[in-house]
Enquirer: 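Pasting a structure here, questions to come.
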Amino acid sequence: MDFAFMAEAFPQIVGAIPITLLMVFVSAAIGWVLGLLFALVRRADVQFFSQAVAVFISFMRSVPSVILLYISYYVMPAVIYFYGQNIGIEINVSGIPAVVYAIAALTLNQAAYASEVFRSAIAAVDEGQFEASYSIGMNKTQALQKVILPQAMATAMPNLGGLFIMLIKDTSLAYYVGVYEITATANLLSMPTLNFIEAYIMTTVIYEVLSFVFNQMFRAEENHLKRFRAVLAAQV
Amino acid sequence: MEYMVQIDHIHKSFGDNHVLQGVSMNIKKGEVVVILGPSGSGKTTLLRTINFLDAADEGSITVNEARVDAQKHSKAQVLELRKKTAMVFQNYNLFANMTILQNVMEGLVTVRKFKKSDAEKMSMEILDKVGLSEKYHCYPSQLSGGQQQRAGIARALILDPDVILFDEPTSALDPELVGEVLNTIKAVAQTGITMIVVTHEIAFAKEVASRVVFMEGGVVVEEGKPGEILVNPKEPRTQQFLSRITGGINQKSA
Ligand SMILES: Nc1ncnc2c1ncn2[C@@H]1O[C@H](COP(=O)(O)OP(=O)(O)O)[C@@H](O)[C@H]1O
Ligand SMILES: [Mg+2]
């Protein structure tokens, strides 16, 4: 065990945590909002869009994340470039950092999985909750916002937590397109001296710590959201 | 307008199942109409077509001059109709994510755009009336069925609807809790609000109904004063139904 190497490399690997978290937070934030929209579109059975979303989700679930990343990295620049030309702007595609493509791929991936999570969580809310909302004069948006989604969120939270942890690990794939996140940094530092074992031990520890911390946060949020499910607690 | 609620030739099918086969009813302000009938006769469906939780296939519903035609209506008309009606459900259907107080306030705040502080004050007053002063901040899951149903009644009452629809409000309750809910409903009836109540509680119907309607097979078989329908029904089907649910002890003797 090369402790001198570890002591020197560790701070640099830790220094890559922000770029990893940037990918995580942006992909989860946009991906989950999209996922919720997809779930609502499918539920409402909107002509064409419902089918499009269903096809998208099944595609996303079968394509390996690495391939998705490559598609994003190699295909999107061309798409952006030609779109720019179309509307009369010369876009300097090579100026777009690789992390953007990584985030795009991770976001779509999250959107697909999150939409399934939201779909089943909404389906698990009793139909009577909708009916009661309508019976007091709410429209559909109000019913979703005030009654249905708060309940669905409590159900969705454990699965969203799982998706989030998966996302943290998936950011390591950004290495393939040259993003210096945690795994890439550790690997590159270890190459000159071939200290791979040390590097992998350190990355594992960092991912474990991140997972643990976020897991706790999701637990806390879940407990907060489902407080209304408090069972008749010796209320005599 | 002469009538508070006009149900006009309502038809409703689920697939091949022609559940409501032309039901009509005119209800005056302050009337308490009790609907009786065997399970599956379309009582729930009729109530649900009144506030368009189920859209009827044919006919029209008018509540205090808000008329909605089954075949030709807008979303806005349906919302307007729903604002004039309120419903009390068999399974209470309180909003599970809200406290009892929030349940009652919700319609005032979100639908009627009341100020929160006003809504809260009014809601507390109504909850006091139905005997839930101690439970403002409890979630539905922390209450007994009877308490939940009284909260459901408060949630309906607060909106000052033109008609309240009750769908078997006591049939999911443990027997010892039925009385408290029936008493609450009686108190509501005495305020002069128009009510349509589906129930099998015959004693309750005798006491508070201004009219009893017997339904079977998606049509109104017979209707009249409780003293007629419940004591001296003309139709054999009504007689059979009554003797079944009262165990045959009800007839003319009493
Ligand atoms: N949403 C629905 N879909 C299909 N069939 C239904 C639905 N709601 C009610 N029905 C059918 O309509 C008939 C009348 O039901 P309902 O109105 O609930 O009767 P009741 O309340 O008198 O017991 C039953 O045959 C029932 O199966
Ligand atoms: Mg019923």
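Since this is a predicted model, take the numbers as computed values, not measurements. Any value given below was found using the heavy atoms of this structure, including those in side chains, with hydrogens, waters and symmetry copies removed. Order of the sequence lines fixes the chain letters, A, B, ..., with proteins taken first and strands second; residue numbering starts at 1 for each chain.
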Enquirer: Going by heavy atoms in the side chains, are Phe95(B) and Ile136(A) under 4.5 Å from each other?
Expert: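 Side-chain contact under 4.5 Å: yes.
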Enquirer: With sequence neighbours excluded, tell me which residues meet side chain to side chain donor-acceptor pair (under 3.5 Å) with Asp162(B).
Expert: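 For Asp162(B) the side chain to side chain donor-acceptor pair (under 3.5 Å) partners, ignoring immediate neighbours, are Asn64(B).
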Enquirer: Given 3.5 Å as the limit, does a donor-acceptor pair link the side chain of Asn97(B) with the main chain of Arg227(A), or not?
Expert: no
Enquirer: Is the count of non-hydrogen atoms from other residues, nucleotides or ligands lying under 6.0 Å from Tyr207(A) atom OH greater than 12?
Expert: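 More than 12 within 6.0 Å, yes.
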Enquirer: How about Lys72(B): does its NZ atom have over 12 heavy atoms from other parts shown lying under 6.0 Å from it?
Expert: no
Enquirer: CG/Leu79(B) to NZ/Lys140(A) distance, rounded to the nearest 0.5 angstrom?
Expert: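 Rounded to the nearest 0.5 Å, the CG-NZ separation comes to 12.5 Å.
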Enquirer: Answer with side chain, backbone, both or neither: which region of Arg112(B) has an atom nearer than 4.5 Å to a non-hydrogen atom of chain A?
Expert: neither
Enquirer: Side chain, backbone, both or neither: which part of Asn139(A) has an atom under 4.5 Å from a heavy atom of chain B?
Expert: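 The answer is both parts of Asn139(A).
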Enquirer: Return yes if some donor-acceptor pair links the side-chain N/O of Gln129(A) with the main-chain N/O of Ala96(B) below 3.5 Å, else return no.
Expert: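 Yes; at least one donor-acceptor contact below 3.5 Å.
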Enquirer: Answer yes or no: are there more than 12 heavy-atom neighbours, outside Phe218(A) itself, under 6.0 Å from its atom CZ?
Expert: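 Enclosed: over 12 neighbouring heavy atoms sit under 6.0 Å from CZ of Phe218(A).
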Enquirer: Using the rule given for side chain to side chain contact (heavy atoms under 4.5 Å, CB included), can you reason through Glu106(B) versus Met138(A), listing the C-alpha separation, both sets of side-chain angles and the distance that settles it, and then say yes or no?
Expert: CA-CA 10 Å; Glu106(B) 190 56 36; Met138(A) 286 190 196; 3.3 Å; yes
Enquirer: Are more than 12 heavy atoms from other residues, nucleotides or ligands located less than 6.0 Å from atom NZ of Lys186(B)?
Expert: yes
Enquirer: Do Glu131(A) and Met87(B) come close enough that some side-chain heavy atom pair is under 4.5 Å?
Expert: no
Enquirer: For Val88(B), is there any backbone N or O sitting under 3.5 Å from a side-chain donor or acceptor partner on Ser135(A)?
Expert: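 Checking the backbone N and O of Val88(B) against the side chain of Ser135(A), no donor-acceptor pair under 3.5 Å is found.
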Enquirer: What distance do Lys146(A) atom NZ and Thr110(B) atom OG1 have between them, rounded to the nearest 0.5 Å?
Expert: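 That separation rounds to 3.5 Å.
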Enquirer: Which pair of non-hydrogen atoms, one from Ala132(A) and one from Arg155(B), has the smallest distance, and what is that distance?
Expert: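 In terms of heavy atoms, the two residues are closest at CB-NH2, 3.5 Å.
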Enquirer: With a 4.5 Å heavy-atom cut-off, do Val147(A) and Met98(B) have their side chains touching?
Expert: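 Counting from C-beta outward, Val147(A) and Met98(B) do come under 4.5 Å.
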Enquirer: Heavy-atom pairs under 4.5 Å with chain A - which of Arg48(B), Lys84(B), Lys83(B) has more of them than the others?
Expert: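 Heavy-atom pair counts peak at Arg48(B).
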Enquirer: Taking atom CE of Met166(A) as the centre, report whether more than 12 heavy atoms of other residues, nucleotides or ligands fall under 6.0 Å from it.
Expert: yes
Enquirer: Using non-hydrogen atoms and a 4.5 Å limit, figure out which bit of Leu94(B) sits close to chain A: side chain, backbone, both or neither.
Expert: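 It is the backbone, since no side chain atom gets that close.
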Enquirer: Would the number of heavy atoms belonging to other residues, nucleotides or ligands and lying under 6.0 Å from CD of Glu134(B) be above 12?
Expert: no
Enquirer: Answer yes or no: does atom CZ of Phe48(A) have more than 12 heavy-atom neighbours from other residues, nucleotides or ligands under 6.0 Å?
Expert: no
Enquirer: Is it the case that more than 12 heavy atoms not belonging to Phe49(A) sit under 6.0 Å from its CZ atom?
Expert: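 Counting neighbours around CZ of Phe49(A), 12 or fewer heavy atoms of other residues, nucleotides or ligands fall under 6.0 Å, so no.
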